[in-house]
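Below is one structure, written out as structure tokens; comments come after it.
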Amino acid sequence: MAATPLTTAPIDRRIWIYRQVKRGVLLFLILFIVKIFVIDTIHIATDQMQPTISPGDQVLLWKLPFAPSWPHLFKPHPNTVVVIKDAINKRHTCQRIVAVAGDTVAISNGMLKTRRPRIDSMHHIPYGMQALPPSYSPRDTMEAYCIPRKGEYLELDTLSLRDFFFSVAMIRAENSHNAYTIVPEVFINGTPLMNPPLADFSLFPKPIKDVPDSLAFNYFFWDRMKAYLSSVYNDKTVTVIFSLFEGKTKLFRYHLKESYIFLLADDWCNGYDSRYTGPAKVSSISGQVVCVLWSHSPQKKGIAGIRFNRLLRFIR
């Protein structure tokens with residue numbers, strides 16, 4: 001008798017759909033994990049990293065070294081281009097690491113200088129001995145600043161104006177959900193001045209108590225205000241003392257919980273970086289920029305805007 005050929009029973013449609021959904025969910029989870037912890041892309045809209053990175057570039061991020069799981073295994077290195085997330089303003093920005101915790105960084109006549117290992121005495125070099133003119137920018141000159149290490153104490157009542165506000169920036173970054181207030185006190189020849197005459201002060205011609213947060217945490221604003229008051233009281237000594245309050249509690253010292261880096265933009269003149277905002281947390285790094293995957297000019301549409309000369313350009 002001839003053998004009966006074996007036949008495969010048809011697969012139930014519901015089982016087939018279940019298998020496809022399961023595969024789709026698994027693929028989605030894998031891609032999600034890769035995007036969160038390994039690689040990702042981000043669109044660059046600002047021009048502060050030109051010519052290295054231009055507005056309209058879609059860059060590839062290598063995220064694995066900066067994953068929260070192993071911050072001690074992979075440490076950031078100077079000359080690395082990274083994307084960081086600002087904990088206060090909740091926005092991403094692309095900049096270059098120029099110094100890490102323990103390094104001393106300074107800018108002289110447009111030339112960047114860094115020192116390793118750390119020189120402790122440079123942390124307290126007086127800053128702002130002369131009032132800055134209104135047109136001053138730190139893009140060309142910045143007094144030496146030593147990036148504090150994780151675990152150090154910031155003695156807020158001993159710091160210069162610049163270092164005080166850099167310290168405040170780090171404190172706010174570590175406690176972004178807390179409310180902080182800057183309280184300034186102005187003294188003329190050692191006598192408190194309750195209502196400084198600011199009617200002709202171009203940056204904020206209103207009472208000092210009404211200064212908004214957008215200016216209150218900006219040390220250039222206060223330095224220019226001091227320069228203005230010095231011009232008003234040109235034959236007297238003007239002193240401005242700042243205090244930081246967390247709620248109603250005045251802070252005198254603070255224990256740093258995280259590591260920090262100093263960032264600069266490649267476009268020296270237009271960059272808004274650590275020269276203005278102070279050091280950034282290492283944990284705020286989203287990833288290292290590896291290359292430009294795709295680039296399209298913001299001023300053009302369609303194929304005409306594709307910048308083929310920037311495709312797959314590796315970033316150094």
Side-chain angles (χ1 to χ4, degrees), residues 20-100 173 176 258-274 276-277 279-316:
Q20 300 309 311
V21 170
K22 185 170 70 171
R23 290 170 183 168
V25 170
L26 180 61
L27 178 61
F28 173 81
L29 289 176
I30 292 173
L31 293 176
F32 179 78
I33 292 172
V34 169
K35 179 179 175 65
I36 296 297
F37 296 104
V38 185
I39 59 174
D40 197 3
T41 63
I42 190 169
H43 178 77
I44 303 298
T46 61
D47 61 356
Q48 66 174 3
M49 283 299 292
Q50 291 197 101
T52 308
I53 300 175
S54 298
D57 286 351
Q58 190 79 17
V59 300
L60 178 68
L61 290 185
W62 175 234
K63 305 181 71 174
L64 188 61
F66 306 102
S69 307
W70 39 71
H72 301 293
L73 297 181
F74 299 94
K75 297 185 182 298
H77 296 285
N79 207 36
T80 302
V81 178
V82 296
V83 169
I84 66 167
K85 183 177 182 180
D86 187 332
I88 302 299
N89 298 314
K90 307 299 181 183
R91 63 183 181 186
H92 286 87
T93 181
C94 181
Q95 296 172 13
R96 186 182 297 275
I97 300 174
V98 297
V100 298
S176 58
E258 300 198 34
S259 294
Y260 287 82
I261 51 176
F262 201 89
L263 300 156
L264 285 181
D266 282 9
D267 186 340
W268 193 272
C269 295
N270 297 319
Y272 187 68
D273 46 40
S274 292
Y276 300 86
T277 61
K281 294 190 300 182
V282 170
S283 61
S284 69
I285 300 176
S286 298
Q288 177 182 348
V289 179
V290 178
C291 68
V292 178
L293 290 175
W294 171 265
S295 186
H296 193 283
S297 173
Q299 288 78 36
K300 299 180 181 179
K301 297 182 179 180
I303 298 179
I306 299 176
R307 294 180 287 206
F308 292 97
N309 63 323
R310 299 193 61 79
L311 303 186
L312 297 180
R313 173 179 290 192
F314 284 88
I315 303 301
R316 294 180 176 83

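In this chain, residues are counted from 1 in sequence order.
Contact detail for S284 and A280: the closest heavy-atom pair is OG-CB, 4.1 Å. The two residues P298 and P55 have their closest heavy-atom pair at CD-O, 3.6 Å. Closest approach of Y260 to P279, counting heavy atoms only: CB-CB, 3.8 Å. What you find for V83 and H92 is that their closest heavy atoms are CG1-CD2, 3.8 Å. Closest non-hydrogen pair, P76 versus I261, comes out as CG-CG2, 3.9 Å. In terms of heavy-atom proximity, V98 sits nearest to P78 at O-CB, 3.8 Å.
Within a 6.0 Å radius of CD1 in I303, other residues, nucleotides and ligands contribute 12 heavy atoms or fewer.
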Using side chain to side chain contact (heavy atoms under 4.5 Å, CB included), reason through I44 and V289 one step at a time and then give a plain yes or no. CA-CA 11 Å; I44 303 298; V289 179; over 6 Å; no
Quick one, F262 with D273, criterion side chain to side chain contact (heavy atoms under 4.5 Å, CB included). Give me CA distance, side-chain angles, the key distance, then yes/no. CA-CA 8 Å; F262 201 89; D273 46 40; 5.9 Å; no
Mind running side chain to side chain donor-acceptor pair (under 3.5 Å) on S274 and Q95 for me, showing each step along the way? CA-CA 9 Å; S274 292; Q95 296 172 13; 4.9 Å; no
Candidate pair V59 and V290, rule side chain to side chain contact (heavy atoms under 4.5 Å, CB included), full reasoning: CA-CA 7 Å; V59 300; V290 178; over 6 Å; no
L312 vs L293, test: side chain to side chain contact (heavy atoms under 4.5 Å, CB included). Steps then yes/no. CA-CA 5 Å; L312 297 180; L293 290 175; 4.2 Å; yes
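A distance-only check finds no donor-acceptor pair linking the side chain of R96 to the backbone of L264 [under 3.5 Å]. Judged by distance alone, with hydrogens and angles left aside, the side-chain atoms of Q58 form no donor-acceptor pair with the main-chain N or O of H296 at under 3.5 Å. Side-chain atoms of Q288 never come within 3.5 Å of backbone atoms of T80 as a donor-acceptor pair (strictly under, hydrogens ignored). Judged by distance alone, the side chain of K281 and the main-chain N or O of A173 form a donor-acceptor pair under 3.5 Å.
With values rounded to the nearest 0.5 angstrom, K75 atom NZ is found 12.5 Å from I97 atom CD1. Rounded to the nearest 0.5 angstrom, S295 OG and R313 CZ are separated by 8.5 Å. The structure places CD1 of I39 at 10.0 Å from CG of L61, a figure rounded to the nearest 0.5 Å. One distance of note links CG of L27 with CG of L31; it measures 4.5 Å at 0.5 Å rounding. F308 contributes atom CZ, which lies 6.5 Å from atom CH2 of W294 (distance to the nearest 0.5 angstrom).
Partner of M49 under the side-chain contact (heavy atoms from CB on, under 4.5 Å) criterion, chosen from D57, D267, V81: V81. When each of I53, V82, T52 is paired with C94, the side-chain contact (heavy atoms from CB on, under 4.5 Å) condition holds for I53 and for no other.
With a 4.5 Å cut-off on side-chain heavy atoms, D40 and W62 do not count as touching. In this structure, the side chains of V292 and I315 come closer than 4.5 Å at one or more pairs of heavy atoms.
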